J.: 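One structure, pasted below without further comment.
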Amino acid sequence: MSDAFYSHARLYDLMFPGGGPAVDFYRAYADRRGGRVLELGCGTGHKLIPIASDGHPCVGVDFSSEMLAEAQRKANERGVAVEWMQGDMRAFDLGRTFDFVFITANSLLHLHEAEDLVSCFRSVRRHLAPGARFVFDVFNPSVRLLAEADGVRRARESLSFMDPDRGEVGVDVAEIYDAPAQVTRGTWYLSTDSEPDFVVAPLEIRSIFPQELPLLVSLGGLRLVERFGDWSGGPFTTDSPLQLCICESA
């Protein structure tokens with residue numbers, strides 16, 4: 001249900017320009033681990049291109065051919081070699097292992113069913129070299145914020161951006177929370193003064209609550225080694241904005 005959202009790769013990069021502490025964290029972690037790096041749900045390469053520029057052999061897998069094409073363009077522009085592959089993180093076989101595998105920016109939350117999450121973790125485990133680490137980050141659900149998802153369309157001022165072709169682009173979002181499924185079902189609207197709603201795209205994101213996360217990881221044959229609450233490696237608490245998880249083969 002989120003395919004249309006990621007079919008506009010250039011607009012995605014303008015709305016989410018990348019950089020910041022998440023890139024710094026994964027880049028530093030790849031340097032510490034060394035060896036071969038695999039990113040699942042790599043998008044347009046916000047994290048993987050900087051890692052590859054540090055000299056690590058990198059593979060990026062994504063479901064969206066449009067996002068991969070933009071990633072390839074950006075890598076070429078920077079003179080960075082990355083192997084980009086279209087694939088489904090729920091079940092994949094690359095025929096090799098990696099020293100560091102990661103999924104970032106809530107990409108894991110496109111998998112709504114517990115069975116799909118476990119399948120993904122099992123696929124990851126098969127691709128971990130001895131001593132390798134698997135790292136992912138997902139938001140820490142706030143029951144209050146989920147309850148406020150009432151379906152009303154609202155402007156997201158912080159996401160507005162300048163498009164060189166269209167000018168100022170505004171972003172509105174309407175969301176409802178499907179509690180039994182643990183999925184936030186949203187519709188995103190991109191508009192300019194002269195071209196209202198030129199993109200209307202669904203985006204559906206699962207919530208993984210802190211108590212269920214270690215169980216899902218363990219069912220996938222992995223062990224949760226550490227869970228941080230921010231990009232500086234602070235402890236995970238009730239009020240932490242994210243769950244930054246370090247895993248290894250069980």
Side-chain angles (χ1 to χ4, degrees), residues 2 6 22-23 25-52 56-64 67-68 71 82-140 182 205-228 231 233 236 242-250:
S2 301
Y6 294 107
V23 173
F25 174 87
Y26 282 105
R27 196 172 187 175
Y29 202 90
D31 283 341
R32 289 199 303 272
R33 299 303 304 176
R36 300 175 301 278
V37 178
L38 168 64
E39 182 182 5
L40 302 172
C42 62
T44 65
H46 284 171
K47 315 295 190 304
L48 203 58
I49 291 174
I51 290 172
H56 302 285
C58 290
V59 176
V61 175
D62 200 276
F63 193 75
S64 168
M67 299 289 273
L68 289 171
V82 177
E83 184 180 355
W84 306 105
M85 304 178 67
Q86 188 172 13
D88 189 332
M89 71 170 72
R90 290 173 295 184
F92 59 95
D93 184 1
L94 305 183
R96 63 195 116 157
T97 60
F98 298 83
D99 302 287
F100 176 40
V101 179
F102 70 101
I103 306 175
T104 187
N106 295 313
S107 295
L108 188 65
L109 302 182
H110 293 299
L111 308 184
H112 299 168
E113 303 296 331
E115 294 83 357
D116 289 340
L117 287 163
V118 171
S119 178
C120 173
F121 293 147
R122 288 175 177 166
S123 291
V124 167
R125 187 183 186 280
R126 290 193 296 270
H127 289 77
L128 292 178
R133 290 290 186 273
F134 167 49
V135 181
F136 65 90
D137 63 88
V138 294
F139 69 86
N140 182 23
Q182 295 180 203
I205 297 293
R206 190 192 200 276
S207 292
I208 301 179
F209 288 91
Q211 191 173 13
E212 68 174 331
L213 188 147
L215 176 59
L216 291 167
V217 167
S218 66
L219 289 172
L222 300 167
R223 179 184 300 111
L224 181 62
V225 178
E226 292 181 287
R227 176 163 40 178
F228 301 120
W231 296 112
F236 176 73
L242 78 159
Q243 305 179 72
L244 178 53
C245 302
I246 316 296
C247 305
E248 64 182 8
S249 295

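No hydrogens, no waters, no symmetry mates; every other heavy atom, side chains included, goes into these values. What you see is a predicted model; the values in this text were computed from it and never measured.
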J.: Distance-only criterion, 3.5 Å: show the donor-acceptor pairs between side-chain atoms of residues 114-121 and protein atoms not counting sequence neighbours.
T.:
from   : atom 1 : to    : atom 2 : distance (Å)
Ser119 : OG     : Arg90 : O      : 2.5

J.: Just checking Phe63: does its CZ atom have more than 12 heavy atoms from other residues, nucleotides or ligands closer to it than 6.0 angstrom?
T.: no
J.: Rounded to the nearest 0.5 Å, how far apart are OG1 of Thr44 and CD1 of Ile49?
T.: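 If I round to the nearest 0.5 Å, the distance is 7.0 Å.
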J.: For residues Asp31 and His56, report the shortest heavy-atom separation together with the two atoms involved.
T.: OD1-NE2, 2.7 Å
J.: I need the full list of salt bridge (charged side-chain N to carboxylate O under 4.0 Å, His left out) pairs touching residues 207-228, with sequence neighbours left out, sorted by first then second residue.
T.: Arg206-Glu212, Arg223-Glu248
J.: How about Ser207 and Phe139: do any of their side-chain heavy atoms sit closer than 4.5 Å?
T.: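 Yes - at least one pair of side-chain heavy atoms lies under 4.5 Å apart.
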J.: Under the side chain to side chain donor-acceptor pair (under 3.5 Å) rule, collect the residues that match up with Arg125, sequence neighbours excluded.
T.: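 So Arg125 forms no side chain to side chain donor-acceptor pair (under 3.5 Å) with any residue.
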J.: side-chain contact (heavy atoms from CB on, under 4.5 Å), that's the test. Do Val217 and Phe136 meet it? Break it down for me.
T.: CA-CA 11 Å; Val217 167; Phe136 65 90; 4.1 Å; yes
J.: For Phe92, enumerate each residue passing the ring pair (Phe, Tyr, Trp, His ring centres under 6.0 Å) test, keeping only those at least two apart in sequence or located in another chain.
T.: His127
J.: Is there a side-chain contact between Tyr6 and His110 in this structure, where contact means two heavy atoms from C-beta onward sitting under 4.5 Å apart?
T.: yes
J.: What pairs with Arg32 under salt bridge (Lys or Arg N to Asp or Glu O under 4.0 Å), at least two apart in sequence or on another chain?
T.: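 Partners of Arg32 under the salt bridge (Lys or Arg N to Asp or Glu O under 4.0 Å) test: none.
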J.: To the nearest 0.5 Å, how far apart are OG in Ser249 and CG in Leu128?
T.: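 If we round to the nearest 0.5 Å, Ser249:OG and Leu128:CG are 4.5 Å apart.
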J.: Indicate the atoms forming the closest heavy-atom contact of Pro214 with Leu224, along with that distance.
T.: CG-CD2, 4.0 Å
J.: List the residues meeting side chain to side chain donor-acceptor pair (under 3.5 Å) with Ser123, not counting sequence neighbours, and say none if there are none.
T.: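 Here the qualifying residues are Arg126.
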J.: First locate atom CZ of Arg33, then atom CZ of Arg133, and finally report the distance between them rounded to the nearest 0.5 Å.
T.: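 Separation between the atoms: 5.0 Å.
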J.: I'd like to check Trp84 versus Asp62 (side-chain heavy atoms, cut-off strictly below 4.5 Å). Are they in contact?
T.: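 Side chain of Trp84 against side chain of Asp62, heavy atoms only: no contact under 4.5 Å found.
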J.: Roughly how far, to the nearest 0.5 Å, is CZ of Phe236 from SG of Cys245?
T.: 8.0 Å
J.: Just to verify, what does Arg122 make a side chain to side chain donor-acceptor pair (under 3.5 Å) with, not counting sequence neighbours?
T.: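 Here no residue qualifies.
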J.: With sequence neighbours excluded, what pairs up with Asp137 under the side-chain contact (heavy atoms from CB on, under 4.5 Å) test?
T.: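 Checked Asp137 against side-chain contact (heavy atoms from CB on, under 4.5 Å); matches are Tyr26, Thr104, Trp231, Leu242, Leu244.
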J.: Could I get the full list of side chain to side chain donor-acceptor pair (under 3.5 Å) partners for Asn106, not counting sequence neighbours?
T.: none
J.: When rounded to the nearest 0.5 angstrom, what distance separates CG in Leu111 from CG in Leu40?
T.: 10.0 Å
J.: Can you tell me if Gln243 uses its side chain to pair, donor with acceptor, with the backbone of Leu213 under 3.5 Å?
T.: no
J.: Among residues at least two apart in sequence or on other chains, which ones pass side-chain contact (heavy atoms from CB on, under 4.5 Å) with Ser218?
T.: Leu215
J.: Is Arg36 close to Thr97 at the side-chain level, that is, under 4.5 Å between some pair of heavy atoms?
T.: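 A side-chain contact exists here, since the closest heavy-atom pair is under 4.5 Å.
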J.: The criterion is ring pair (Phe, Tyr, Trp, His ring centres under 6.0 Å); which residues satisfy it with Tyr29, sequence neighbours excluded?
T.: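 In terms of ring pair (Phe, Tyr, Trp, His ring centres under 6.0 Å), with neighbours along the sequence ignored, Tyr29 is linked to Phe25, Phe100.
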J.: Would you indicate whether the side-chain heavy atoms of Gln182 and Ile208 approach each other to under 4.5 Å?
T.: no
